[in-house]
Amino acid sequence: MNDRAIAVLEQYDLNVGNTKKARGAIIAETDKGMISLWEYTGKTEQLFLCKEVCDRMEASGFCNIDNLIPNEEGGLFVTDSDGKKYVVKKHVEGRECDVTNSRECQYIIGEIAKMHGIMEFGRIGEDQPQSPFIKDFSKREAELSRVRSFIRKQPKKGEFELRFLQEYAYFEELAKEAAGLLDKECLFKLSDLVKEKGIYCHGECNQHNILIGAKKLTATHFEKCRMDIQVRDLYLFLRKILEKNNWSFSMGHSILEEYEKNKPLSKEEKKYLYARLLYPERYWKIANAYLNKRKSLPPRRQLEKLEALVAIEKARRTFLGQIEKDLL
């Protein structure tokens with residue numbers, strides 16, 4: 001364990017034994033059980049909500065939770081000499097589901113649905129914004145338009161820029177169609193539902209964070225949890241699985257069926273889910289990365305991502321045509 005980790009863990013009431021590195025973390029044996037140390041880059045106030053949600057989930061006994069561990073002063077994070085923030089959490093074991101195994105994916109989504117039932121806590125903390133607070137696609141539409149304008153103004157365009165403009169009209173039309181589904185009435189009803197029941201979602205619901213444990217579900221990384229519609233979680237998990245399975249209708253249909261066995265969806269929730277699936281999110285993400293000039297995504301890699309997206313688009317549209325009757 002490096003000196004920085006030692007200095008951070010000294011701020012906790014823990015006797016640390018053996019340690020090992022994991023992806024993005026350090027796992028350590030202590031006198032109070034296994035813990036993990038993570039760098040934290042989010043808003044500090046979000047940790048208080050995360051802790052409250054994890055405490056309630058832990059009290060339910062439904063699943064294993066990597067709950068935050070307070071430091072010696074009762075705080076939920078500490079800083080090192082460079083001002084970087086760190087959190088310490090309980091270390092919980094679990095494995096990712098096989099994303100090509102329909103039964104495992106159905107099991108996970110069924111457990112997520114049950115978890116969602118528990119996460120109707122009632123309002124936590126301060127009052128939430130007035131309805132509607134569930135976001136539409138307006139911000140993303142503006143970003144796509146900004147990227148197109150920026151590229152058009154460039155005197156010299158590379159392969160990526162030319163390909164992006166070539167595909168723009170098609171994906172813009174999809175984005176507008178998806179936006180049209182989320183009218184004010186739908187957003188108001190969804191927002192009212194969330195506020196009335198005090199509904200919370202995980203916020204980063206995917207196969208990396210919702211794991212198969214030895215005896216029960218293992219749920220990790222609640223740092224992005226929020227008061228929001230839970231179909232957001234369903235969409236995130238479903239899209240990830242579908243992308244790994246060439247947008248298989250049988251896979252997607254079975255996952256939705258399993259979720260609804262445990263937590264039926266309202267008309268508005270189904271419409272929201274279809275709109276999110278229809279919206280060209282990967283195209284927007286490529287545009288967003290280009291707009292922000294991320295150094296981790298060089299031009300060649302941007303083009304590869306765009307080409308891969310175009311190659312699978314036919315399968316995605318076929319799936320959407322098949323699932324439309326179930327959701328609209």
Side-chain angles (χ1 to χ4, degrees), residues 1-96 111-112 114-116 118-119 121-126 198 200-228 233:
M1 185 165 58
N2 60 38
D3 292 340
R4 178 171 295 183
I6 292 172
V8 168
L9 289 174
E10 282 178 348
Q11 300 177 63
Y12 288 81
D13 183 21
L14 298 168
N15 292 319
V16 180
N18 294 329
T19 64
K20 63 179 180 181
K21 288 185 178 180
R23 187 172 61 183
I26 291 176
I27 298 171
E29 296 177 5
T30 78
D31 58 330
K32 295 181 180 177
M34 299 293 292
I35 61 97
S36 57
L37 171 68
W38 301 81
E39 184 178 349
Y40 180 70
T41 57
K43 296 179 179 179
T44 54
E45 56 267 26
Q46 174 66 14
L47 291 175
F48 296 102
L49 176 60
C50 176
K51 176 63 174 169
E52 182 66 26
V53 168
C54 287
D55 283 349
R56 296 189 186 203
M57 289 301 302
E58 203 166 43
S60 76
F62 173 71
C63 53
N64 294 318
I65 298 286
D66 64 338
N67 204 347
L68 289 163
I69 298 174
N71 59 35
E72 287 186 322
E73 297 179 354
L76 297 178
F77 71 96
V78 295
T79 56
D80 65 8
S81 56
D82 294 330
K84 290 184 178 180
K85 295 192 291 283
Y86 292 86
V87 296
V88 171
K89 303 194 287 184
K90 292 181 181 179
H91 177 67
V92 290
E93 294 286 346
R95 68 171 178 85
E96 294 184 8
E111 295 299 289
I112 289 172
K114 294 173 188 175
M115 182 177 76
H116 280 165
I118 296 169
M119 292 180 74
F121 297 130
R123 190 167 299 185
I124 297 174
E126 297 179 0
Y200 289 79
C201 68
H202 180 280
E204 201 169 15
C205 198
N206 55 48
Q207 73 274 21
H208 307 304
N209 296 331
I210 312 297
L211 309 172
I212 299 174
K215 295 182 179 180
K216 54 186 176 181
L217 192 74
T218 296
T220 65
H221 296 295
F222 279 81
E223 288 82 7
K224 293 187 179 179
C225 66
R226 54 195 281 183
M227 191 178 187
D228 204 343
D233 282 347

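Bear in mind the structure is a predicted one, so any value in this text is a computation, not a measurement. We number each residue from 1, following the sequence as shown.
For the atom pair C54 SG and L47 CG, the distance stands at 10.0 Å (nearest 0.5 Å). Within the model, atoms CD1 of I69 and NZ of K89 stand 10.5 Å from one another, a figure rounded to the nearest 0.5 Å. Rounded to the nearest 0.5 Å, atoms CD1 (I212) and CD (E96) are 10.0 Å apart. Rounded to the nearest 0.5 angstrom, L211 CG and R95 CZ are separated by 9.5 Å. Of the inter-residue distances, the one linking N206 atom CG with D233 atom CG reads 9.5 Å to the nearest 0.5 angstrom. The CD atom of E204 sits 4.0 Å away from the NZ atom of K224 when rounded to the nearest 0.5 Å.
Of all heavy-atom pairs spanning C225 and L49, the tightest one is O-CD2, 3.7 Å. The nearest pair of heavy atoms linking F77 to T79 is CE1-CG2, 4.1 Å. Between L76 and K51 the shortest heavy-atom distance is CD1-CB, 3.8 Å. The minimum heavy-atom distance linking M57 with C63 is given by the pair CE-SG, 3.9 Å.
In this structure a side-chain-to-backbone donor-acceptor pair under 3.5 Å is present from H202 to T220. With hydrogens and angles ignored, the 3.5 Å screen pairs no side-chain donor or acceptor of N67 with any backbone N or O of K90. Side-chain atoms of Y40 come within 3.5 Å of backbone N or O of K43 as a donor-acceptor pair. Counting only distance, with no hydrogens or angles, the side chain of N64 and the backbone of G213 share no donor-acceptor pair below 3.5 Å. Checked by atom type and distance alone, the side chain of K84 never pairs as donor or acceptor with a backbone atom of E39 at under 3.5 Å. Side-chain N or O atoms of Q46 include one that pairs as donor or acceptor with a backbone N or O of E223 at under 3.5 Å.
Counting only heavy atoms from C-beta outward, the side chains of K32 and D13 approach each other to under 4.5 Å. Taking the side chain as every heavy atom from C-beta outward, M34 and E93 never approach each other to under 4.5 Å. By the 4.5 Å heavy-atom criterion applied to side chains, K114 and L217 are not counted as neighbours. Using a 4.5 Å heavy-atom threshold, the side chains of H91 and I35 count as separate.
Ring geometry for Y200 versus F121: interplanar angle of 30 to 60°, hence tilted.
A side chain to side chain contact (heavy atoms under 4.5 Å, CB included) with W38 is found for exactly one of I26, V87, V88, L68, namely V87.
Around atom NZ of K21, no more than 12 heavy atoms belonging to other residues, nucleotides or ligands sit under 6.0 Å away.
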